[in-house]
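What follows is one structure encoded as structure tokens, with my remarks underneath.
The chains referred to below are lettered A, B, ... by the order of the sequence lines, with proteins before strands, and numbering in each begins at 1.
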2 protein chains.
Amino acid sequence: MATARRERYRKQTREEAKAVALAQLSESGTAGISVNAIAKAMGMTGPALYRYFASRDELLTELITDTYRDLAETLAQAVADAAPADRFRALARALRDWAKRQPDRYLLIYGTPVPGYHAPPETTEIAASLMRTIFDACATVGEAVEADGGGVDGGRQQPLTELEAELARHLEGAGPWGPGEEPGGEVKGRALRTWTRLHGVISLDVQGQFTGMGFDPSVLFEAEIDALVRGG
Amino acid sequence: MATARRERYRKQTREEAKAVALAQLSESGTAGISVNAIAKAMGMTGPALYRYFASRDELLTELITDTYRDLAETLAQAVADAAPADRFRALARALRDWAKRQPDRYLLIYGTPVPGYHAPPETTEIAASLMRTIFDACATVGEAVEADGGGVDGGRQQPLTELEAELARHLEGAGPWGPGEEPGGEVKGRALRTWTRLHGVISLDVQGQFTGMGFDPSVLFEAEIDALVRGG
DNA sequence: TCGCTATGGTGAGAACTTCTAACCAAACAA
DNA sequence: TTGTTTGGTTAGAAGTTCTCACCATAGCGA
């Protein structure tokens with residue numbers, strides 16, 4: 001039981017390996033992560049690392065789940081720190097800031113799936129938790145319109161009946177809502193479409209598709225936020 | 001001059017190699033494309049293919065430019081076939097259909113950038129041409145509102161001044177408009193934001209981020225189209 | 001303190017990868 | 001017929017992931 005030192009050491013070198021892997025990731029992308037190179041950078045030979053990670057894929061998985069957790073915490077924190085009325089704005093900005101700070105990590109979870117990689121069930125759980133945070137904040141979008149805008153029926157102008165009907169039926173487990181407090185298709189649709197819009201500009205930005213166009217992507221993002229909170 | 005047979009043969013085997021590469025792409029992703037494996041599948045040894053492609057990167061570049069061209073043609077055709085009022089709807093649906101039919105090719109140009117790959121200037125030209133087609137159709141979005149909607153000032157409800165000011169200054173070369181016929185920031189903003197919204201749902205769909213949520217992504221896409229043409 | 005075991009490291013090597021070099025045969029041109 | 005260009009081969013260098021056999025050492029109980 002007093003072998004805590006060993007476990008501590010083990011965890012420590014695993015963390016160091018992942019840190020080096022992250023550095024490689026931002027330099028040469030997903031494919032640039034090399035077990036051999038990581039080991040060499042840590043001052044040991046290649047096969048030694050296989051005492052800590054069964055395979056390159058396991059290391060990748062660890063990187064991905066860590067990223068999910070980090071992003072989820074960051075967003076939850078941002079939401080918690082914001083005034084209730086600004087929750088969505090805070091989440092949106094926190095999401096983009098995080099993505100811009102570490103583009104490769106954003107692409108690690110929301111980008112092109114890694115070649116032969118299949119996410120273990122453990123990963124999807126963490127992913128769902130992250131989605132819960134995002135959906136929760138996105139669902140509040142447009143509620144501001146209800147407050148100062150129209151009458152009883154709130155900010156609803158045009159019914160998105162098809163989508164809402166579809167979502168009312170499905171999106172059960174994946175949604176952020178526990179059993180019983182599940183909202184109608186309207187809220188679900190708002191959350192879903194808000195998320196896709198945020199991802200649209202963030203992903204294009206992070207992938208560098210805006211470079212050369214000469215405008216400031218953050219202005220575009222702010223405009224999209226404004227349009228979203230106005231219910232547009 | 002009568003060496004046409006040789007050139008024809010050369011072009012033919014290049015096409016065959018690219019076809020095999022595309023098959024590998026859809027099976028195992030970008031990293032799964034192996035020069036050796038392609039050659040073997042074509043009935044020759046690995047190094048032989050280096051007579052046709054200087055490197056793996058050159059093959060990838062060819063794949064990418066081909067994809068740009070293919071998508072550009074597809075979209076241009078769809079737009080040309082549609083009635084003027086339906087141009088945007090036609091483009092949006094053609095874009096999604098194409099992406100769903102060959103997800104890996106969509107990700108090849110709009111997904112996570114390939115590891116060590118740097119696009120040659122030739123590529124960016126073709127990409128710009130594609131953007132021209134997309135922006136052209138996206139810029140028409142909301143014009144329908146002007147027709148049956150409001151008065152002289154059209155479908156403009158809230159001014160996105162910041163973004164429009166930014167775009168009025170920049171987005172010169174990248175825009176789809178020739179010198180002289182360049183529109184104001186308003187149209188530019190509409191096109192840009194429309195594009196990012198289309199990409200948002202298409203990319204998440206193509207990357208499989210909707211799987212497990214239980215709803216039909218095409219319904220979401222149609223809802224997004226509806227929202228867009230209504231100026232929302 | 002002695003010895004055992006689990007752990008962490010090593011080098012060798014198999015099976016892949018891209019890509020170069022040397023060589024050979026066949027097709028085309030003069 | 002002779003010469004050159006082109007397309008193919010095998011060999012091999014340098015890299016990758018990952019397995020295996022071996023060895024040293026850290027921490028444990030007796």
Please say whether the positively charged group of B/Arg14, taken as NZ for Lys or CZ for Arg, lies over the ring of B/Tyr52, i.e. under 6.0 angstrom from the six-membered ring centre and within 45 degrees of the axis. no
For A/Pro103, what residues pass the side-chain contact (heavy atoms from CB on, under 4.5 Å) criterion, not counting sequence neighbours? A/Val206
Mind checking what makes salt bridge (charged side-chain N to carboxylate O under 4.0 Å, His left out) contact with B/Asp86, not counting sequence neighbours? none
B/Lys11 has an atom NZ; how far is it from atom C1' of D/dG7, in whole Å? 18 Å
Using a 4.0 Å heavy-atom cut-off across all strands, classify A/Tyr9 as base, sugar-phosphate, or nothing. sugar-phosphate
Round to the nearest Å and state the distance from B/Met42 atom CE to D/dG7 atom P. 12 Å
Closest to the 5' end of DNA chain D, once B/Thr13 and A/Ala54 are matched to their nearest nucleotides, is B/Thr13
Atom CZ of A/Phe53 and atom P of D/dT19: how far apart are they, to the nearest Å? 15 Å
For A/Glu15, give me all partners under salt bridge (charged side-chain N to carboxylate O under 4.0 Å, His left out), at least two apart in sequence or on another chain. A/Lys18
Whole-Å gap separating C1' (D/dC28) and CD (A/Glu7): 15 Å
How does protein reach along nucleotides 9-17 of chain D, written 5' to 3' as B (base within reach of a heavy atom under 4.0 Å), S (only sugar-phosphate), or - (no contact)? BBB----SB
Separation of A/Arg8 atom CZ from D/dA26 atom C1', in whole Å? 14 Å
Sequence neighbours left out, what passes ring-ring contact (aromatic ring centres under 6.0 Å, His included) with B/Tyr110? Give chain and number order. B/Tyr106
Just the rounded figure in Å: distance from C1' of C/dT17 to CD of B/Gln24. 12 Å
In whole angstroms, the gap separating C1' of D/dG27 from CZ of A/Arg10 amounts to 16 Å
By side-chain contact (heavy atoms from CB on, under 4.5 Å), B/Ala17 pairs with (sequence neighbours left out) B/Ile38, B/Met42, B/Leu49, B/Phe53
From CG of B/Leu49 over to P of C/dT20, roughly how many Å is that when rounded to an integer? 13 Å
